[in-house]
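Throughout, protein chains are lettered first and strands after them, A, B, ... in sequence-line order, and every chain is numbered starting at 1.
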Amino acid sequence: MINVTLKDGTVKSFEAGITVYDVAMAISPGLAKNTMAGELNGELVDIRHEIMDDSELNLLKFEDEGGKHAFWHTGSHLLAQAVKRLYPEAKLAIGPAIDNGFYYDIDVDVIITPEIMEKIENKMREIVKEGFEITRFELPRDEALKMVSDEGEIYKEELIENLPEDAIISFYKQGEFTDLCAGPHLKDLKGIKAIKLLSLAGAYWRGDEKNKMLQRIYGISFPKKAELDDYLTKLEEAKKRDHRRLGKELDLFSLQDEGPGFPFFHPKGMIIRNELESFWRQEHQKRGYQEIRTPIILNAELWKRSGHWDHYRENMYFTEIDESSYAVKPMNCPGAMLVYKRTGHSYRELPIKMAELGLVHRHELSGALHGLMRVRNFTQDDAHIYMMPDQIEAEVIKVIELADDIYNVFGFSYKVELSTKPEKAIGSDEVWDKATNALRNALEKKGIEYRINPGDGAFYGPKIDFHLEDSIGRTWQCGTIQLDFQMPERFDLTYIGSDGEKHRPVIVHRTILGSIERFFGILVEHFAGKFPVWLSPVQIMIIPVADAHNEFAQNIADQLIDLGIRAAIDSRGEKLGYRIREAQMQKTPYMLVVGDKEMEGGDLALRIRDSGDVAQISLPDLKEKLLNKIKTKEIGLD
RNA sequence: GCCCUCAUAGCUCAGUAGGUAGAGCACCACCAUGGUAAGGUGGGGGUCUCCGGUUCAAAUCCGGAUGAGGGCUCCA
């Protein structure tokens with residue numbers, strides 16, 4: 001007999017070899033029905049897994065991440081089964097569960113159209129009705145290889161060949177369909193009550209652009225129809241927040257055919273952008289940063305010296321001036337190095353923190369462009385910190401704190417990654433280790449949770465990245481802290497130490513917002529266009545009831561504008577309701593309707609965007625309220 | 001860059017047997033002077049993304065280019 005400790009602490013005894021499913025069954029058939037997989041001693045296991053020793057077991061339902069994973073993984077097998085029934089010659093590549101559903105990569109000569117997707121979807125429902133049990137079996141390597149090769153599944157063959165010698169090779173079978181898979185999977189198909197194939201895309205086999213492009217079908221499934229409807233509604237809601245859509249509706253920015261990936265900022269967008277930049281300047285001045293600005297075009301020699309010529313050329317734009325070769329800067333560092341080098345430096349000055357809102361141009365692949373999130377020219381809120389090696393940790397910690405302070409003002413939550421040495425790198429392993437450890441120590445000291453992202457560092461050093469989320473849960477890298485021992489060598493940067501000798505400084509390259517453009521895009525989505533008062537292009541819209549009140553309205557507007565408040569008047573010959581609707585749709589934080597009552601000396605009627613409520617307030621109180629909201633950068637309006 | 005899809009008025013879209021374009025919103029004018037999310041009437045506005053082909057005739061069919069969307073790859 002073995003003891004199984006459940007999540008709530010109860011301990012139950014079973015025969016050794018009992019399955020996860022049977023444990024659930026022993027508690028209640030209802031629970032067993034809802035159990036998708038198990039977490040055994042912290043490890044995700046199949047529902048068929050046999051428990052041999054005393055263990056802790058958590059039964060995973062659809063609500064649990066691991067449960068969803070199993071549910072969706074089975075969804076992907078179901079998708080593959082349907083495809084194979086419709087197109088027996090199709091070759092299957094991989095089909096995992098992802099954060100929101102599943103996909104399957106398929107190699108088939110037919111071009112999958114939306115009509116075909118519908119057919120596949122229907123076939124999936126048909127298969128569910130057939131009610132297959134799902135069974136798991138293992139095969140020795142040679143037998144597994146023979147089986148998939150007999151079936152002509154060349155991609156599966158390659159997958160098995162790449163598995164380690166001692167790997168357990170498992171298969172899952174449902175009806176006539178068998179797939180190489182590590183699992184876990186559901187017990188049967190009956191629980192899949194709602195299926196939706198969402199989109200179609202190309203994807204390279206094994207993610208390598210040299211390989212064949214396969215067709216990837218994305219889908220999602222749920223145990224209940226209502227959950228699918230819910231999910232689809234949420235997707236619709238998220239689309240309404242899309243910064244590209246809001247950018248148009250609120251007239252903030254645009255992208256034109258004449259300059260793909262080169263964004264245009266409109267007057268309202270510029271107000272937000274300028275507020276953002278001046279906030280950024282304030283925060284940096286407070287912390288001892290000095291601002292510089294370096295040229296956009298610099299000669300080829302410089303880029304050769306910095307290493308960009310060899311390591312970044314495919315992303316750069318070039319030009320010629322007086323028969324010499326020049327490049328448009330893709331990064332601000334080389335310019336900043338020259339500013340450091342303009343004079344000698346003493347250890348007493350270090351750390352020197354030079355910040356630059358630097359406009360860089362990068363030739364990104366056309367297919368990578370995405371609204372403001374991925375563009376070809378953008379302004380990095382860059383800074384280079386020149387310091388002595390023993391200052392690294394303290395300075396990195398300060399940058400982490402600055403990032404946290406700034407993100408908090410907007411109410412962002414973020415994820416942190418530590419990226420290590422890439423294949424295309426300069427510098428010895430030893431230096432890389434030292435740099436990577438310095439960053440790791442800073443993170444550990446701050447007690448920040450982070451994920452390691454192997455091989456994703458810059459070519460000159462490892463980095464810490466801060467990722468923010470967009471409206472549909474995609475994350476975008478914004479802040480980054482990159483340690484660099486290379487650039488100081490290449491540019492022969494020095495400082496005079498207390499010993500009177502020349503020493504080599506270390507550099508931290510860092511951004512907090514990342515790029516103003518990307519941060520702007522995320523900001524739009526984060527607030528769904530309902531910016532806090534300090535960022536709103538129009539902070540208060542004054543709406544006179546009729547023409548007779550225009551002068552009075554203008555007087556109030558003038559007083560507010562005098563205080564630096566962005567007040568506007570809408571005295572167009574439209575109905576009151578119309579103008580209110582318009583201001584509301586423009587997501588103006590406050591509206592002030594003025595008419596006879598106000599002119600006779602009563603309080604003002606202040607309408608608040610988020611609630612639609614109207615509050616009575618005196619003009620002096622209103623001024624104070626607005627100034628306070630602006631000063632504190634408060635997000636709420638009440 | 002690669003795969004699939006798409007491209008009609010400032011915006012959102014209709015135009016599905018090829019016969020030289022429509023709606024709503026926005027804009028302009030006039031009427032209405034209205035108290036918290038769309039008042040009424042009238043008007044202007046498109047060489048149907050561009051280039052080429054098929055045809056008596058192309059927004060519509062075919063080819064190409066460009067741009068956009070969803071992914072892949074890459075990345076702030």
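The base of B:G1 lies close enough to the side chain of A:Tyr204 for a donor and an acceptor atom to sit less than 3.5 Å apart. A:Arg607 contributes a side-chain N or O that forms a donor-acceptor pair with the base of B:A37 under 3.5 Å.
Both A:Ala368 and A:Glu517 lie close to RNA chain B; mapped to their nearest nucleotides by heavy-atom distance, the more 5′-ward contact belongs to A:Ala368. Residues A:Pro544 and A:Gln482 both approach RNA chain B. Their nearest nucleotides, taken by heavy-atom distance, put A:Pro544 toward the 5′ side.
The side chain of A:Ser366 approaches B:G1 more closely than any other nucleotide in the set B:A68, B:G1, B:C27. Comparing B:G35, B:A76, B:G70 by their closest approach to the side chain of A:Arg374 singles out B:A76.
A side-chain N or O of A:Thr480 and one of A:Gln482 form a donor-acceptor pair less than 3.5 Å apart. Side chain to side chain, A:Glu417 and A:Asn453 meet the donor-acceptor criterion of an N or O pair below 3.5 Å.
Comparing the P positions of B:U49 and B:C11 gives a spacing of 13 Å, expressed to the nearest Å. Across the C1' atoms, B:C56 and B:A68 are found 36 Å apart, a figure rounded to whole Å. Of the P atoms belonging to B:A17 and B:C2, the separation is 35 Å, rounded to the nearest Å. For the P atoms, the distance linking B:C48 with B:A7 amounts to 15 Å, nearest Å. Separation of the P atoms belonging to B:U54 and B:G63 is 15 Å when rounded to the nearest angstrom.
Nucleic acid contact for A:Gly577: sugar-phosphate only, since backbone atoms but no base atoms lie under 4.0 Å from a heavy atom of the residue. Base engagement by A:Gly595 is indicated by at least one non-hydrogen atom pair under 4.0 Å involving a base atom. Nucleic acid contact for A:Gln584: base, since at least one base atom lies under 4.0 Å from a heavy atom of the residue. Looking at heavy-atom distances under 4.0 Å, A:Thr511 makes no contact with the nucleic acid at all. When heavy atoms are screened at a 4.0 angstrom cut-off, A:Val360 is found touching no nucleic acid atom at all. A:Asn315 comes within 4.0 angstrom of nothing in the nucleic acid, heavy atoms only. Backbone-only engagement by A:Arg244 is indicated by non-hydrogen atom pairs under 4.0 Å involving sugar-phosphate atoms exclusively. Within 4.0 Å of A:Arg572, counting heavy atoms only, lie sugar-phosphate atoms of the nucleic acid but no base atom. Within the 4.0 angstrom heavy-atom criterion, no nucleotide atom of any strand lies near A:Lys212. Using a 4.0 Å heavy-atom distance criterion, A:Asp547 is classed as a base contact. Among the atoms of the strands shown, none is found under 4.0 Å from any heavy atom of A:Glu258. Counting any heavy atom pair closer than 4.0 Å across all strands shown, A:Lys597 reaches a base atom. No contact: A:Ala583 has no heavy atom under 4.0 Å from any strand. Residue-level contact check: A:Arg216 touches the backbone only, with heavy atoms under 4.0 Å from sugar-phosphate atoms and none from bases.
Geometrically, A:Lys353 engages A:Tyr289 in a cation-pi contact, judged by NZ or CZ lying under 6.0 Å from the ring centre and within 45° of the ring axis.
Secondary-structure annotation of RNA chain B gives the stems B:1-7 with B:66-72, B:10-13 with B:22-25, B:27-31 with B:39-43, B:49-53 with B:61-65, with a stem taken as at least 3 successive Watson-Crick or G-U pairs whose two distances both fall under 3.5 Å.
Both geometric conditions, a ring-centre gap below 5.5 Å and a plane tilt below 30°, are fulfilled for A:Phe378 over the base of B:A76.
The environment of NZ in A:Lys625 is crowded: more than 12 heavy-atom neighbours from other residues, nucleotides or ligands sit within 6.0 Å.
Note: A:His370 and A:His243 have tilted aromatic rings, judged against thresholds of 30 and 60 degrees for the angle between ring planes. Between A:Phe519 and A:Phe410, the angle of the ring planes goes over 60°, which puts this pair in the perpendicular group of the 30/60° scheme.
Here A:Lys248 reaches the OP1 or OP2 of B:U12: one of its side-chain N or O atoms lies under 4.0 Å away.
Screening A:Arg241, A:Lys240, A:Lys234 against A:Glu237 for a salt bridge (charged side-chain N to carboxylate O under 4.0 Å, His left out) leaves a single residue, A:Lys240.
For A:Val409, the side chain to side chain contact (heavy atoms under 4.5 Å, CB included) partners at least two apart in sequence or on another chain are A:Phe279, A:Trp534, A:Lys633.
Classification of A:Asp613 and A:Arg607 as a salt-bridged pair fails, no side-chain N sitting under 4.0 Å from a carboxylate O.
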